[in-house]
Amino acid sequence: MLALIDYIKTALSQTNSIEEALNFLPMSFKKDFLVAYIHSQTRMKDKETKAAFVKLLDEEGFTPTSLSKDELSFIKNNFPHLQQSVSYMCLKKDSKEEQKYKNKHTNDFWKKIQNVENMQAVFDISKKSNEKLCEAEFTLREVIRKRKEVHLLKGLGYIYLVESSEDISKLFEHYFGKNYICINDKYYLAYAKTLKEINMRYFVCEPK
């Protein structure tokens with residue numbers, strides 16, 4: 001984990017934006033990595049969506065257990081709410097292994113990633129910059145909650161990055177303890193050894 005953090009920290013400290021820094025990450029950081037997508041036609045709410053997905057469905061109305069590049073692009077570009085992708089997936093080594101996805105129960109909404117043996121950590125980047133403390137907490141909790149829905153991700157490391165001119169150190173101390181750093185007074189970078197160890201029971205800003 002510390003090696004991954006060093007890659008990101010070095011890139012952030014030597015560039016002027018997150019976008020620029022990301023260009024310096026190694027090939028083992030896979031961008032917009034798919035971790036779940038819709039399982040069944042029965043969970044699609046409108047006729048237009050059902051019609052558009054016909055070419056991806058089997059005779060029983062279920063999506064396949066793996067997607068081609070074209071199928072993946074089709075879902076991400078047209079129905080982003082029917083898939084879940086992490087900002088980056090950090091692999092142990094670059095691999096061309098086909099990713100497999102599976103539902104646990106017939107009526108599940110999502111097919112979730114199955115083969116995570118070559119994965120080291122999930123790296124999420126918040127696109128909401130300069131949020132106040134309580135807003136930043138809401139954003140963080142929503143992301144982590146969604147990641148924990150994909151059960152096999154819980155055993156992986158977790159990295160979170162946000163840009164903020166606000167002092168949100170209290171938030172990072174609460175969820176990540178000492179495992180965070182503020183770079184150039186604006187990039188908050190944190191990690192947990194595993195996603196499952198991030199405690200969601202307590203809040204910094206209590207819900208109203």
Side-chain angles (χ1 to χ4, degrees), residues 1-36 76 80 83-97 99 113 115-133 135-150 152-200 204:
M1 281 293 291
L2 293 179
L4 298 177
I5 295 298
D6 283 342
Y7 278 128
I8 302 166
K9 182 171 65 176
T10 300
L12 288 170
S13 63
Q14 296 178 355
T15 53
N16 296 316
S17 69
I18 289 178
E19 290 72 21
E20 185 181 353
L22 296 176
N23 293 328
F24 292 92
L25 295 180
M27 293 295 292
S28 56
F29 282 64
K30 296 299 183 182
K31 187 177 181 181
D32 294 331
F33 194 91
L34 183 72
V35 295
K76 285 188 174 183
Q83 60 88 41
Q84 293 184 36
S85 295
V86 302
S87 300
Y88 285 84
M89 182 64 77
C90 309
L91 304 182
K92 296 175 182 177
K93 60 181 180 180
D94 198 11
S95 173
K96 298 185 183 299
E97 178 186 17
Q99 300 304 322
I113 194 164
N115 42 337
V116 300
E117 296 80 8
N118 189 42
M119 299 173 191
Q120 187 171 357
V122 172
F123 176 23
D124 274 319
I125 303 167
S126 173
K127 296 180 180 179
K128 299 180 180 180
S129 60
N130 301 322
E131 288 185 311
K132 300 289 186 181
L133 177 64
E135 295 169 334
E137 180 178 31
F138 178 81
T139 299
L140 171 62
R141 289 183 65 91
E142 284 295 289
V143 172
I144 293 177
R145 178 189 58 77
K146 184 170 288 188
R147 298 294 170 256
K148 287 190 175 188
E149 289 179 353
V150 184
L152 289 182
L153 297 184
K154 292 182 180 181
L156 303 181
Y158 188 74
I159 304 170
Y160 188 73
L161 171 64
V162 63
E163 180 179 354
S164 183
S165 59
E166 302 286 334
D167 181 1
I168 55 174
S169 56
K170 186 176 180 181
L171 172 66
F172 280 78
E173 289 172 3
H174 179 80
Y175 289 98
F176 297 96
K178 296 180 179 179
N179 296 331
Y180 85 95
I181 185 172
C182 185
I183 303 163
N184 295 345
D185 296 321
K186 61 179 179 178
Y187 302 126
Y188 286 83
L189 177 66
Y191 74 92
K193 291 182 180 179
T194 62
L195 175 63
K196 65 183 176 183
E197 75 179 36
I198 301 176
N199 190 340
M200 301 285 281
V204 175

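Positions are given from 1 along the sequence. Remember, predicted model here, so these are calculated numbers, not experimental data.
Between L34 and S85, the shortest heavy-atom distance links the atoms CA-OG, 3.7 Å. For I18 against E163, the heavy-atom pair with the smallest separation is CD1-CB, 4.0 Å. Residues F176 and A192 approach most closely at CD2-N, 4.2 Å, considering heavy atoms. Nearest heavy atom pair, residue G155 against residue T194, reads O-CG2, 3.7 Å. I125 and S87 make their closest contact through N-OG, 2.9 Å (heavy atoms, listed as atom of the first residue, atom of the second, distance). Residues L153 and R147 come closest through the heavy atom pair CD1-O, 3.9 Å.
Within the model, atoms NZ of K31 and CG of L25 stand 10.0 Å from one another, a figure rounded to the nearest 0.5 Å. Expressed to the nearest 0.5 Å, how far OH of Y88 lies from CG of D124 amounts to 11.5 Å. For the atom pair CD1 (I159) and CG (N179), the distance works out to 11.0 Å, reported to the nearest 0.5 Å. To the nearest 0.5 angstrom, T139 atom OG1 is 11.0 Å from I144 atom CD1. In this structure, the separation between CD on E166 and OG on S129 is 10.5 Å, given to the nearest 0.5 Å. Rounding to the nearest 0.5 angstrom, the gap separating the CD atom in E135 from the CD1 atom in I168 is 11.0 Å.
For the 3.5 Å distance criterion, the side chains of N118 and E97 fail to qualify, holding no donor opposite an acceptor.
Side-chain contact between V204 and Y175 is present, with heavy atoms from C-beta onward closer than 4.5 Å. Considering only heavy atoms from C-beta on, L4 stays 4.5 Å or farther from Y191 through its side chain. Contact of the V150 side chain with the I113 side chain is registered, since non-hydrogen atoms from C-beta on lie closer than 4.5 Å. Using a 4.5 Å heavy-atom threshold, the side chains of L189 and I181 count as touching. The shortest distance between side-chain heavy atoms of L12 and L161 falls below 4.5 Å. Between K30 and M119 there is no side-chain heavy-atom pair separated by less than 4.5 Å.
E20 is linked by a salt bridge (charged side-chain N to carboxylate O under 4.0 Å, His left out) to nothing, counting only residues two or more places apart in sequence or in another chain. For the ring pair (Phe, Tyr, Trp, His ring centres under 6.0 Å) test, residues two or more places apart in sequence or in another chain that qualify with Y188 are F172. Contacts of Y160 classified as ring pair (Phe, Tyr, Trp, His ring centres under 6.0 Å), with partners at least two apart in sequence or in another chain: none. E197 is linked by a salt bridge (charged side-chain N to carboxylate O under 4.0 Å, His left out) to nothing, counting only residues two or more places apart in sequence or in another chain. In this structure, Y158 has no ring pair (Phe, Tyr, Trp, His ring centres under 6.0 Å) partners at least two apart in sequence or on a different chain.
Within the structure, the salt bridge (charged side-chain N to carboxylate O under 4.0 Å, His left out) test picks out no pair touching residues 168-194 (sequence neighbours left out).
Judged purely by atom type and a 3.5 angstrom limit, Q83 uses its side chain to pair as donor or acceptor with the backbone of P80. Between the side chain of D167 and the main chain of S169, a donor-acceptor pair closer than 3.5 Å is present.
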Evaluate the side-chain contact (heavy atoms from CB on, under 4.5 Å) criterion for residues L171 and Y180: first the C-alpha distance (whole Å), next the side-chain angles of each, then the deciding distance (0.1 Å), finally the verdict.
CA-CA 10 Å; L171 172 66; Y180 85 95; over 6 Å; no

Show your reasoning for whether side-chain contact (heavy atoms from CB on, under 4.5 Å) applies to F33 and V122.
CA-CA 9 Å; F33 194 91; V122 172; over 6 Å; no

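Using a cutoff of 4.0 Å between basic side-chain nitrogens and carboxylate oxygens, D32 and K76 are not scored as salt-bridged. The pair R145-E149 counts as a salt bridge, with a side-chain nitrogen and a carboxylate oxygen less than 4.0 angstrom apart.
Atom NZ of K148 is surrounded by more than 12 heavy atoms from other residues, nucleotides or ligands within 6.0 Å.
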